[in-house]
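Below you'll find the structure, written out as structure tokens, and then a few comments.
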Amino acid sequence: MIQLENLNKIFGKGEQQVVALNHVNLNIEAGQIFGVIGASGAGKSTLIRCVNLLERPDSGKVILDGTELTALNKQELGQARRKIGMIFQHFNLLSSRTVAENIALPLEFERYDGAAIKQRVAELLTLVGLDDKANVYPAQLSGGQKQRVAIARALATSPKVLLCDEATSALDPETTKSILNLLKDINHKLQITILMITHEMEVIKSICDQVAIIDRGELIEKNSVADFFSHPKTELAKRFIAATIHIEIPHEYQMRLSSEPKPSTFPLVRLGFSGASVDAPLISELSRKYHVDVSILSANMDYAGGVKFGYMLAELFGESEQTDLAIQFLIEHHLSVEVLGYV
Ligand SMILES: Nc1ncnc2c1ncn2[C@@H]1O[C@H](COP(=O)(O)OP(=O)(O)OP(=O)(O)O)[C@@H](O)[C@H]1O
């Protein structure tokens, strides 16, 4: 549905030059929810704004539903953009118009007649759960309600693609959840393709099917959400995942931790579980096979894209040779094992 071919975008000149997009290639299939995650300044907004050509790439092609947008003239582009809806972090509603009038705006541009507008607006209000807010003004709405209005407006002309530019970044966690659920629901009901850019792993984890990481304008990793969480390839992906799961060494352990083993100290390890490893009874097998006892200090498991993943902080008590073998055994069974030190 959305194909980006070799997109490049540079801002500024000479020393001030910033490469915002660097040979970006992406193929998003119809009906998917695709998330692009990256840190601040990585190029996320530039990327999503290039999809509907709010930003023109310096080179490369944007192909939407088989039409090369980058080859169209102004008028043709205007037509083609009807297939694309967009929502923003700060909602971009018109404060002087009621909720119903905001939603009606794109229909007025399309010269729908009054009765058709009324009917479509009513349908959209029901879809986003705001039947009772038709006649209020944006100032009277919460952030989540404003984003619902923006979603209804973006869907007014039945686009095939919805672009979401940090759509939940201005919302609290509960409201974020409800907006993400609404987007998932809309994706399901309308079979609309959704491209979301975000700096929040929560967004990727909760509703995306596929994910890409953008770093300094480059898409450095693309994968299904399940594979992304179970087999992250890049260091940045690993860092993003680790940041969603908070697992810290208790202060008292930190004080005692030494980088080298000493007599009667034992390794303190961080074990990373993912997809393949998470269901196997590895810890009990470890005790049986190597006579290594595992004392769990803390553990945190999560669920995304149909796979479980998580981390465990544990001490391994045993003979040092046996402990080494036990660590090897865990690695062979697809756990990531990090020896943090000895306590
Ligand atoms: N109009 C512009 N003029 C000059 N530089 C720009 C312009 N727009 C973006 N940039 C630069 O391009 C890079 C990518 O910016 P972009 O806004 O796409 O990043 P981002 O990942 O969306 O960041 P954030 O999450 O902070 O919004 C940044 O270094 C930014 O400073």
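These figures come from a predicted structure and were not determined experimentally. One-based numbering, in listed order, for ligands and for the atoms of each. Because only heavy atoms are used, hydrogens play no part in the values below, and waters and symmetry mates are left out as well, while side chains stay in.
For ligand 1, the polar-atom distance check finds no N/O of Gly12 at less than 3.5 Å from any of the ligand's N/O atoms.
Distance check on atom 31 (O) of ligand 1: every protein heavy atom falls at or beyond the 4.0 Å cut-off.
Remark: of the listed residues Ile63, Thr70, Asn27, Ile63 is the sole one forming a side-chain contact (heavy atoms from CB on, under 4.5 Å) with Glu5.
Not a single heavy atom of Gly38 lies less than 4.0 angstrom from ligand 1.
One finds the CD1 atom of Ile28 at 4.5 Å from the CG atom of Leu26 (value rounded to the nearest 0.5 Å).
Distance from atom 17 (O) of ligand 1 to its nearest protein heavy atom, with residue and atom name: Ser45 CB, 3.7 Å. The nearest protein atom to atom 19 (O) of ligand 1, hydrogens excluded, is given as Gly43 N, 3.2 Å; this is a heavy-atom distance. Looking from atom 5 (N) of ligand 1 to the surrounding protein, the closest heavy atom is Phe11 CB, 3.3 Å. The protein heavy atom nearest to atom 29 (O) of ligand 1 is Val18 CG1, 3.4 Å. What sits closest to atom 14 (C) of ligand 1 on the protein, heavy atoms only, is Gly41 O, 3.4 Å. Looking from atom 25 (O) of ligand 1 to the surrounding protein, the closest heavy atom is Lys44 NZ, 2.9 Å. Nearest non-hydrogen protein atom to atom 26 (O) of ligand 1 is Ser40 OG, 2.6 Å.
Put simply, the side chain of Met196 does not reach to within 4.5 Å of the side chain of Val36, judged on heavy atoms. Here the side chains of Thr98 and Val136 are not in contact, with every heavy-atom distance at 4.5 Å or above.
Side-chain N/O atoms of Thr168 and Glu200 include a donor and acceptor closer than 3.5 Å. Side-chain contact annotation: Ser59 with Asn8, donor-acceptor N/O pair under 3.5 Å present. Counting only N and O atoms by type, the side chains of Gln210 and Ser224 include no donor and acceptor under 3.5 Å apart. A donor-acceptor contact closer than 3.5 angstrom links the side chains of Asp172 and Thr175.
Atoms of ligand 1 lying under 4.0 Å from at least one heavy atom of Ala39, given by number and element, are 21 (O). Listed by atom number, the atoms of ligand 1 under 4.0 Å from Ala20 heavy atoms are 12 (O).
The cluster map of Ile, Leu, Val, Met, Phe, Trp and Tyr, joined by side-chain heavy atoms under 4.5 Å apart, puts Leu195 and Leu21 in the same cluster.
By the criterion of a heavy-atom distance under 4.0 Å, both the backbone and the side chain of Thr46 are placed next to ligand 1.
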